[in-house]
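Chain letters run A, B, ... following the sequence lines, proteins first and then strands; every chain starts at 1. Computed over heavy atoms, backbone and side chain alike; hydrogens, waters and symmetry mates excluded. Just so it is clear, the model here is predicted, and its values are computed rather than measured.
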There are 2 protein chains.
Amino acid sequence: MANKNRCLTPTTDDECKRARLYLQDTLDVVGGKWKLVLISILRGGKLKFRELTREAGISARILSKELKEMELNGLITRTVVKTSPIMVEYELTPYSNTLSEVITAMHEWGKNHRQKIIGQQSTEPNSL
Amino acid sequence: MANKNRCLTPTTDDECKRARLYLQDTLDVVGGKWKLVLISILRGGKLKFRELTREAGISARILSKELKEMELNGLITRTVVKTSPIMVEYELTPYSNTLSEVITAMHEWGKNHRQKIIGQQSTEPNSL
DNA sequence: GATACCAGTTACAAAAAGGTTACTATGGCA
DNA sequence: TGCCATAGTAACCTTTTTGTAACTGGTATC
């Protein structure tokens, strides 16, 4: 039939759909090219706008857009410091720490995947 | 100075850069709009090409491209079944299970985030 | 006053991603 | 023979994303 259960961890078809919904929710908030990278960078402490562009290698226009979205989602705070040339500091919120498992998992996976790829290239006995 | 340590979990500046590298590696492989969703769907068991387009709501052109990339990265297998109208089954590889922590973490985060958002809307005492 | 740096924004251009439609090719069925 | 379903692919177009360069406005410095 068309409605067979298609998920292992979730057990009903309904749970299956909800699982995908949650996944999509997360992708909506931290998906894309930059947000997780910016969070990863900001885990080292607050940074100013220009510092962030340099650290991430992102253009000011995109950074501005990303930061606004992240602020709206409660992941970072924006603080204006009234110094000589005005300064704006971006800092992670406590709420952003709830993403640490996601980031850690991706970090670990990337590490292992890279080792797997490198291993395939050099240590394989029967290459070529 | 410019090279202060900017990462909490990793402790040296070098580890900090590597951490970001691993994150980017992962994003290269499973980033974008579809790959994690497709994996999530396929966790319920193998599916045919058309079934996948319907389940994910993705066009055939994009699905074809995504599946090729995922096959190249060893996440899925493609099997031709010589039935009446020929059939192609896509199935997760054991290697794709290494992503389960990433997917689970994102699933959990999306679930909690959604509850947080809904909670803000309805149960807040001073709304409006 | 000229220059330079900060934090952005705006306008324009390019590239990436995605969708639609039409098409190939195979084979069962009426 | 014509129609349907399968798995894609190719051409074309739209939308989204990203980048570049120029610019505002403020302050400090030369």
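- Within the structure, salt bridge (charged side-chain N to carboxylate O under 4.0 Å, His left out) pairs that include any residue of residues 26-36 of chain B comprise B:K35-B:E66, B:K35-B:E69 (at least two apart or interchain).
- With sequence neighbours excluded, the residues that form a side chain to side chain contact (heavy atoms under 4.5 Å, CB included) with A:D14 are A:T12, A:R18.
- Partners of B:T77 according to the side chain to side chain contact (heavy atoms under 4.5 Å, CB included) rule, which considers only residues two or more places apart in sequence or in another chain, are B:T79, B:E91, B:T93.
- The other members of the hydrophobic cluster of A:M87, by chain and number, are A:V81 (side-chain heavy atoms under 4.5 Å, ILVMFWY only).
- If you measure from atom NZ of A:K35 to atom C1' of D:dT17, you get 11 Å, rounded to the nearest angstrom.
- Counting to the nearest Å, the P atom of D:dG8 and the CG atom of B:L47 are 13 Å from each other.
- Every residue meeting the side chain to side chain contact (heavy atoms under 4.5 Å, CB included) condition with A:R54, not counting sequence neighbours, appears here in chain and number order: A:R50, A:E51.
- Judged as a side-chain hydrogen bond (donor to acceptor under 3.5 Å, both in side chains), and not counting sequence neighbours, the contacts of A:W109 are B:T98.
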Got a list of protein N/O to nucleotides 17-21 of chain C N/O distances below 3.5 Å?
{"unit_1": "C:dG18", "atom_1": "OP1", "unit_2": "B:W34", "atom_2": "NE1", "d": "3.3"}
{"unit_1": "C:dG18", "atom_1": "N7", "unit_2": "B:R61", "atom_2": "NH2", "d": "2.4"}
{"unit_1": "C:dG18", "atom_1": "O6", "unit_2": "B:R61", "atom_2": "NH2", "d": "3.3"}
{"unit_1": "C:dG19", "atom_1": "OP2", "unit_2": "B:S59", "atom_2": "OG", "d": "3.4"}
{"unit_1": "C:dG19", "atom_1": "N7", "unit_2": "B:R61", "atom_2": "NE", "d": "3.2"}
{"unit_1": "C:dG19", "atom_1": "N7", "unit_2": "B:R61", "atom_2": "NH2", "d": "3.1"}
{"unit_1": "C:dG19", "atom_1": "O6", "unit_2": "B:R61", "atom_2": "NE", "d": "2.8"}
{"unit_1": "C:dG19", "atom_1": "O6", "unit_2": "B:R61", "atom_2": "NH2", "d": "3.1"}

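- In this structure, the CG atom of B:L63 is 8 Å from the P atom of D:dG8, given to the nearest Å.
- In this structure, B:L67 places its CG atom 8 Å from P of D:dG8, rounding to the nearest Å.
- B:R78 is linked by a salt bridge (Lys or Arg N to Asp or Glu O under 4.0 Å) to nothing, counting only residues two or more places apart in sequence or in another chain.
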Pull out every protein N or O sitting under 3.5 Å from an N or O of nucleotides 4-7 of chain D, one pair per line with the distance.
{"unit_1": "D:dA7", "atom_1": "OP1", "unit_2": "B:F49", "atom_2": "N", "d": "3.3"}
{"unit_1": "D:dA7", "atom_1": "OP2", "unit_2": "B:R50", "atom_2": "N", "d": "3.2"}
{"unit_1": "D:dA7", "atom_1": "N7", "unit_2": "B:R50", "atom_2": "NH2", "d": "3.2"}

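- Here A:K46 pairs with A:E89 in a salt bridge; the nearest charged N to carboxylate O distance falls below 4.0 Å.
- In this view, B:Y90 satisfies the ring pair (Phe, Tyr, Trp, His ring centres under 6.0 Å) rule with no residue, not counting sequence neighbours.
- Across all strands shown, B:K68 has heavy atoms under 4.0 Å from sugar-phosphate atoms exclusively, and none from any base.
- Applying the 4.0 Å criterion to OP1 and OP2 of C:dA7, one finds that A:S64 has every side-chain N and O outside that range.
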Any N/O pairs under 3.5 Å between the protein and nucleotides 22-25 of chain C? List them or say none.
none

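- With sequence neighbours excluded, the residues forming a side chain to side chain contact (heavy atoms under 4.5 Å, CB included) with B:E101 are A:A105, listed by chain and number.
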Trace of the side chain to side chain contact (heavy atoms under 4.5 Å, CB included) decision for B:L23 with A:M106 = CA-CA 6 Å; B:L23 185 62; A:M106 292 182 82; 3.7 Å; yes
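- Rounded to whole Å, the distance from CD on A:E71 to C1' on C:dA7 is 14 Å.
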